[in-house]
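I have a structure here, written as structure tokens, and I will follow up with some questions on it.
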Amino acid sequence: MLEFTDLVERAMHGHVPDRDEPGQIYLCNADLTGGDDIRALIRSGMVDRVGAMGTRAKEFVGRERILLDYTYGVIDKCILKALNGENSLIITTGGMVGHVRRRIAEYGDESGRAIPVTPVQESASPEPGREPALE
């Protein structure tokens with residue numbers, strides 16, 4: 001999808017337009033971060049869009065009553081928003097954290113446009129009754 005967008009930009013304009021700076025993608029492991037931390041980040045205005053990947057992450061945001069902009073195609077949508085200078089938050093769990101990082105790095109390698117990925121500060125300890133995920 002992103003490669004198609006770049007292709008259209010090149011066809012219409014002869015190049016992919018330079019943007020001053022890409023937005024950031026904040027990455028949150030819901031197994032290690034509490035809902036209060038995420039809500040504080042959203043309230044701060046640092047993120048424009050919020051997406052969740054995976055069943056546990058979606059259950060977490062449901063329990064925490066965090067509103068989502070994206071529930072599918074989350075990585076690609078957040079990459080597109082970053083290319084437009086917007087910041088996004090991806091909430092996921094476990095091994096999906098590594099997958100998100102790899103996918104964004106692969107896009108940067110292929111396109112030559114690096115997108116910063118910023119981990120959300122993890123709580124000192126997981127919420128009661130929750131085990132941290134092994135990666």
Side-chain angles (χ1 to χ4, degrees):
M1 168 89 163
L2 296 173
E3 291 80 13
F4 178 73
T5 302
D6 287 349
L7 182 64
V8 170
E9 289 289 336
R10 283 189 186 97
M12 291 180 63
H13 306 289
H15 69 287
V16 177
D18 290 331
R19 293 177 176 84
D20 291 359
E21 289 185 33
Q24 292 188 50
I25 297 177
Y26 291 88
L27 181 56
C28 170
N29 184 340
D31 287 333
L32 302 176
T33 307
D36 291 339
D37 297 329
I38 296 170
R39 281 188 292 278
L41 178 66
I42 294 168
R43 276 193 309 269
S44 75
M46 292 177 65
V47 295
D48 302 298
R49 304 281 179 211
V50 180
M53 294 177 51
T55 303
R56 284 197 338 254
K58 290 174 185 174
E59 289 171 351
F60 169 79
V61 298
R63 278 192 313 274
E64 295 294 333
R65 298 179 187 247
I66 297 169
L67 299 177
L68 296 175
D69 298 296
Y70 310 129
T71 58
Y72 64 92
V74 173
I75 299 172
D76 286 346
K77 289 176 183 178
C78 290
I79 289 172
L80 286 171
K81 290 299 179 184
L83 294 174
N84 286 324
E86 293 183 35
N87 296 334
S88 299
L89 169 63
I90 297 176
I91 302 169
T92 194
T93 57
M96 291 300 287
V97 172
H99 171 71
V100 170
R101 287 183 178 281
R102 281 189 301 278
R103 176 66 186 99
I104 295 168
E106 286 170 2
Y107 175 79
D109 291 344
E110 292 169 7
S111 70
R113 292 183 281 172
I115 296 172
V117 177
T118 304
V120 172
Q121 180 65 37
E122 297 173 352
S123 298
S125 61
E127 294 180 13
R130 298 180 69 203
E131 295 288 325
L134 299 175
E135 289 190 45

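The structure presented is a predicted model; accordingly, all values stated were derived computationally and were not measured.
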* Asked: For the atom pair CG (L89) and CG (L41), what is the distance rounded to the nearest 0.5 Å?
  -> 5.5 Å
* **Taking every non-hydrogen atom, the tightest pair across C28 and V120** => CB-CG2, 3.8 Å
* Taking all heavy atoms of M53 and all of M96, pick out the closest pair and write down the distance. => CE-CE, 3.0 Å
* Asked: What's the shortest heavy-atom distance between G51 and L68, and which atoms?
  -> C-CD2, 3.9 Å
* Structure fact -> Taken to the nearest 0.5 Å, the spacing of T93 OG1 from E59 CD works out to 9.5 Å
* Structure fact -> Separation between CD1 (I91) and CD (E64), nearest 0.5 Å, reads 9.5 Å
* Mark yes or no for whether K58, through its side chain, and T71, through its backbone, hold a donor-acceptor pair below 3.5 Å. => yes
* Give a yes or no on whether the backbone of D48 and the side-chain of N87 come within a donor-acceptor separation of less than 3.5 Å. => no
* To do: Give the intermediate values and the outcome of side chain to side chain contact (heavy atoms under 4.5 Å, CB included) for residues H99 and I75.
  => CA-CA 10 Å; H99 171 71; I75 299 172; 3.7 Å; yes
* Structure fact -> Value for CG (N29) from CZ (F60), rounded to nearest 0.5 Å, stands at 9.5 Å
* Structure fact -> Here the pair of heavy atoms bringing P22 nearest to A114 is CG-O, 3.5 Å
* Distance from R102 atom CZ to D109 atom CG, nearest 0.5 Å? -> 13.0 Å
* Asked: Minimum heavy-atom separation for I25 to I104, with atom names?
  -> CD1-CD1, 3.6 Å
